[in-house]
Amino acid sequence: MAAGLVRWGGVADDFTGATDLATNWVARGLRTSVTLGVPSDEELADLRLAGMDAVVVALKTRTAPVREAVTQSVAALDALRRLGCSRFYDKYCSTFDSTPRGNIGPVADALLAQLGADKAVVVPSFPATGRTVYQGHLFVGGQLLSDSSMRHHPLTPMTRSDVAELLRPQTRHAVATVPLQVVRAGAAALRAAIDAADGTYVVVDAVDESDLAVIAEVTAGDPLVTGGSGLALGLPAVADAPATAAMPVAAGHRAVLAGSASSATRGQIAHAREHLAHRKLDLAALRADLPGEVERLTAWATECWTRSPGEPVLVYAVDSLEDLEAAPPAGQRPAAELIEEALAGCATAFAAAGARQFLVAGGETSGSVVQALDVRRLELGPALAPGVSWAHGTAGDGRAYNLALKSGNFGHQDIFTAGWQALA
Ligand SMILES: Nc1ncnc2c1ncn2[C@@H]1O[C@H](COP(=O)(O)OP(=O)(O)O)[C@@H](O)[C@H]1O
Ligand SMILES: O=C(O)[C@@H](O)C(=O)COP(=O)(O)O
């Protein structure tokens with residue numbers, strides 16, 4: 001692949017999703033950068049000079065009002081086109097997370113229209129993280145999505161599993177499905193089925209990575225694909241991929257900031273509580289005095305770092321589903337907003353106290369934290385788990401950070417304690 005020619009442009013609806021897609025492109029040998037927000041002209045010029053094969057624009061649009069999500073996604077697409085990208089990847093969640101008013105459909109509709117494309121595949125499947133699609137139904141670790149822990153998500157509870165049924169109310173286009181039998185019949189059969197399908201969107205089954213390879217092969221000429229990050233792993237590996245440069249390590253204190261309530265994160269918190277200094281956010285205290293709480297947490301974290309240099313501290317929101325607040329008390333701000341603001345506040349205050357390495361759990365949470373730190377671009381480093389990598393980025397004030405943005409449901413149980421080894 002020629003240097004300086006950016007081929008792939010990704011538009012991701014959250015920050016963990018962006019680093020997830022980038023992780024998979026890097027795994028296939030593509031030099032990939034992530035921009036946090038729509039890149040400015042100056043940032044586009046830097047990306048051109050850096051000689052990337054792929055760029056992902058991370059947005060925080062999954063739960064944004066529809067119009068805002070569409071406007072930002074189209075602006076991201078426009079920036080990527082100016083960069084010279086010729087193929088586009090609309091990255092949403094592998095568990096199809098969306099609100100009832102749904103941004104996945106409107107965003108895909110807008111990207112299709114902008115690109116003048118008449119079809120796009122819909123491929124949430126990411127087998128390496130247990131997400132598979134069979135007969136149009138999304139499974140998580142072998143359970144139907146609607147039976148999985150995703151039904152308890154605080155912002156985007158998923159109570160149905162049929163991907164076409166989830167998408168239909170969100171789009172003005174028809175949605176068709178192509179079953180696994182056709183994918184397994186090979187590339188020619190699959191392409192013919194997609195072309196013949198009675199829908200602009202075609203949900204394609206994929207149960208393992210060989211299925212994704214077939215889908216990637218037959219969509220190689222399509223301007224737009226949509227899905228989780230798994231389809232990126234279906235690309236053929238770049239044969240002459242240059243060795244990736246070692247990621248710079250930003251020396252400083254370490255913190256885990258976990259706003260996710262997902263079951264994997266709750267398990268990781270339970271494990272980390274046995275090993276790390278930790279504090280749980282207290283919603284009542286945040287409602288009473290959020291800045292004061294952030295100050296107290298920062299004083300505590302500073303004490304921990306003084307006592308045990310090199311040890312991460314953990315600040316988290318939820319360790320049991322009982323912690324979830326369905327609706328705020330009358331006249332009060334929603335819990336999700338308070339938690340995001342508190343963790344973003346911790347990020348900036350911890351950074352001022354010398355923290356430079358953050359492992360952040362949760363997509364919305366990562367968006368809030370990284371925006372607060374004012375980091376605009378990430379270069380990926382070592383992978384920690386499927387869909388999760390360390391990254392390096394420099395903030396507007398010149399501070400450099402190592403950040404790992406972990407999707408709530410990704411990662412092994414010990415990621416909050418063992419994940420730091422990659423920075424040694
Ligand atoms: N106790 C709680 N009640 C309601 N919402 C919460 C609570 N704790 C955290 N949240 C919110 O839940 C959301 C989790 O979303 P996110 O960070 O994307 O995690 P995930 O990756 O698991 O989806 C965040 O907006 C967070 O602030
Ligand atoms: O596709 C995925 O599952 C992830 O990349 C993703 O988008 C997860 O979102 P969060 O769970 O909100 O981090």
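These numbers come from the heavy atoms of this one structure, side chains and all, not from hydrogens, waters or symmetry mates. First listed ligand is number 1; within each ligand, the first listed atom is number 1.
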Next item on the list: State whether the side chain of Gln357 and the backbone N or O of Arg254 hold a donor-acceptor pair below 3.5 Å, judged by distance alone.
Entry: no

Check: Can Asp53 and Arg31 be said to form a salt bridge (charged side-chain N to carboxylate O under 4.0 Å, His left out), step by step?
Finding: CA-CA 5 Å; Asp53 301 312; Arg31 290 158 299 187; 2.7 Å; yes

Check: At a 4.0 angstrom heavy-atom cut-off, what protein residues surround ligand 2?
Finding: Asp14, Thr16, Gly17, Asp20, Arg62, Lys91, Tyr92, Cys93, Ser94, Gly362, Gly363, Ser407, Gly408, Phe410

Checklist line | Results of ring pair (Phe, Tyr, Trp, His ring centres under 6.0 Å) for Tyr316 - residues two or more places apart only | finding: none

Next item on the list: Measure the distance from atom 13 (C) of ligand 1 to every protein heavy atom, then report the residue, atom name and distance (to 0.1 Å) of the closest one.
Entry: Leu155 CD1, 3.8 Å

Notebook entry, point to check: Is the shortest distance from a heavy atom of Val318 to ligand 1 less than 4.0 Å?
Noted result: yes

Notebook entry, point to check: Above 12 or not: heavy atoms from other molecules or residues under 6.0 Å from CZ of Arg101?
Noted result: no

Margin query: Rounded to the nearest 0.5 Å, what separates atom CZ in Arg273 from atom NZ in Lys280?
Written below: 7.5 Å

Checklist line | For Ser146 against Ser161, the heavy-atom pair lying closest together | finding: OG-OG, 2.7 Å

Check: Has the side chain of Thr298 got a donor or acceptor atom that lies under 3.5 Å from a matching backbone atom of Val294?
Finding: yes

Next item on the list: Would you please classify the geometry between the His275 ring and the His271 ring as parallel, tilted or perpendicular, with 30° and 60° separating the classes?
Entry: tilted

Next item on the list: Heavy-atom distances under 4.0 Å are what count here, so tell me which part of Ala336 touches ligand 1: side chain, backbone, both or neither.
Entry: both

Checklist line | Residue Ala317 vicinity, atoms of ligand 1 by number, heavy atom under 4.0 Å | finding: 8 (N), 9 (C)

Next item on the list: Quick one: do Asp374 and Arg399 satisfy salt bridge (charged side-chain N to carboxylate O under 4.0 Å, His left out)? Show the steps, please.
Entry: CA-CA 10 Å; Asp374 190 29; Arg399 282 184 190 143; over 6 Å; no

Next item on the list: Find all atoms of ligand 1 within a distance of less than 4.0 Å from any non-hydrogen atom belonging to Asp323, and give their numbers and elements.
Entry: 1 (N), 2 (C)

Next item on the list: Name the closest protein heavy atom to atom 3 (N) of ligand 1, giving the residue it belongs to and the distance to 0.1 Å.
Entry: Glu325 N, 3.1 Å

Checklist line | Geometric class of the Trp25/Tyr89 ring pair [parallel <30°, tilted 30-60°, perpendicular >60°] | finding: perpendicular

Note to self: Which option wins on minimum heavy-atom distance to atom 22 (O) of ligand 1: Ser262, Ala326, Ser407?
What the structure shows: Ser262

Item checked: ligand 1 N/O within reach of Thr365 N/O, cut-off under 3.5 Å -> yes

Check: Against heavy atoms of Glu340, which atoms of ligand 1 measure under 4.0 Å?
Finding: 24 (C), 25 (O), 27 (O)

Item checked: Whether Phe358 and Tyr401 hold their rings parallel, tilted or perpendicular, with breakpoints at 30° and 60° -> tilted

Notebook entry, point to check: Which heavy atom of the protein is the closest neighbour of atom 23 (O) of ligand 1, given with residue, atom name and distance?
Noted result: His153 NE2, 2.5 Å

Notebook entry, point to check: Is Asp97 in polar range of ligand 1, meaning some N or O pair under 3.5 Å apart?
Noted result: no

Next item on the list: List the closest protein heavy-atom neighbour of atom 10 (N) of ligand 1: residue, atom name, distance to the nearest 0.1 Å.
Entry: Gly259 O, 3.9 Å

Note to self: I'd like to know if Thr16 contacts ligand 1, where contact means a heavy-atom distance under 4.0 Å to any ligand atom.
What the structure shows: no

Margin query: Looking at every non-hydrogen atom in both residues, tell me the closest pair between Gly362 and Thr16 and how far apart they are.
Written below: O-CG2, 3.6 Å

Next item on the list: Show your working on side-chain hydrogen bond (donor to acceptor under 3.5 Å, both in side chains) between Thr226 and Lys91 and close with a plain yes or no.
Entry: CA-CA 6 Å; Thr226 84; Lys91 163 70 180 69; over 6 Å; no

Check: Residues two or more places apart in sequence or in another chain: which of them pass side chain to side chain contact (heavy atoms under 4.5 Å, CB included) with Ala418?
Finding: Asp414, Gln421

Notebook entry, point to check: Any N or O on Ala361 sitting closer than 3.5 Å to an N or O of ligand 1?
Noted result: no

Note to self: Return the closest protein heavy atom for atom 4 (C) of ligand 1 as residue, atom name and distance.
What the structure shows: Ala335 CB, 3.5 Å

Check: Got an N/O contact under 3.5 Å between Lys406 and ligand 1?
Finding: no

Note to self: I'd like to check which ligand 1 atoms, numbered from 1 as shown, lie under 4.0 Å from a non-hydrogen atom of Ile339.
What the structure shows: 8 (N), 9 (C), 27 (O)

Item checked: Nearest neighbour in protein (non-hydrogen) for atom 18 (O) of ligand 1 -> Glu364 N, 2.7 Å

Check: Is it the side chain, the backbone, both or neither of Ser260 that has a heavy atom closer than 4.0 Å to ligand 1?
Finding: both

Check: Listed by chain and number, what are the ring pair (Phe, Tyr, Trp, His ring centres under 6.0 Å) partners of Phe88, not counting sequence neighbours?
Finding: none

Next item on the list: Quick one: look at Glu337 and ligand 1, take heavy-atom pairs under 4.0 Å, and tell me if it's side chain, backbone, both or neither.
Entry: neither

Next item on the list: For atom 5 (N) of ligand 1, find the nearest protein heavy atom and state the residue, atom name and distance (0.1 Å precision).
Entry: Pro154 CB, 3.6 Å

Check: So which protein heavy atom does atom 19 (O) of ligand 1 come closest to, and at what separation?
Finding: Gly362 CA, 3.3 Å

Check: Is a side-chain N or O of Asp109 found less than 3.5 angstrom from the main chain of Arg172, in a donor-acceptor match?
Finding: yes

Check: Given Asp20, which of Ser389, Ser229, Ser94 fulfils the side chain to side chain donor-acceptor pair (under 3.5 Å) condition?
Finding: Ser229

Checklist line | Check: Asp14 N/O within less than 3.5 Å of ligand 1 N/O | finding: no

Checklist line | Partner of Lys60 under side chain to side chain contact (heavy atoms under 4.5 Å, CB included), chosen from Glu364, Glu68, Gln72 | finding: Glu364

Check: If you measure from each non-hydrogen atom of Leu343 to ligand 1, which part falls under 4.0 Å: side chain, backbone, both or neither?
Finding: neither

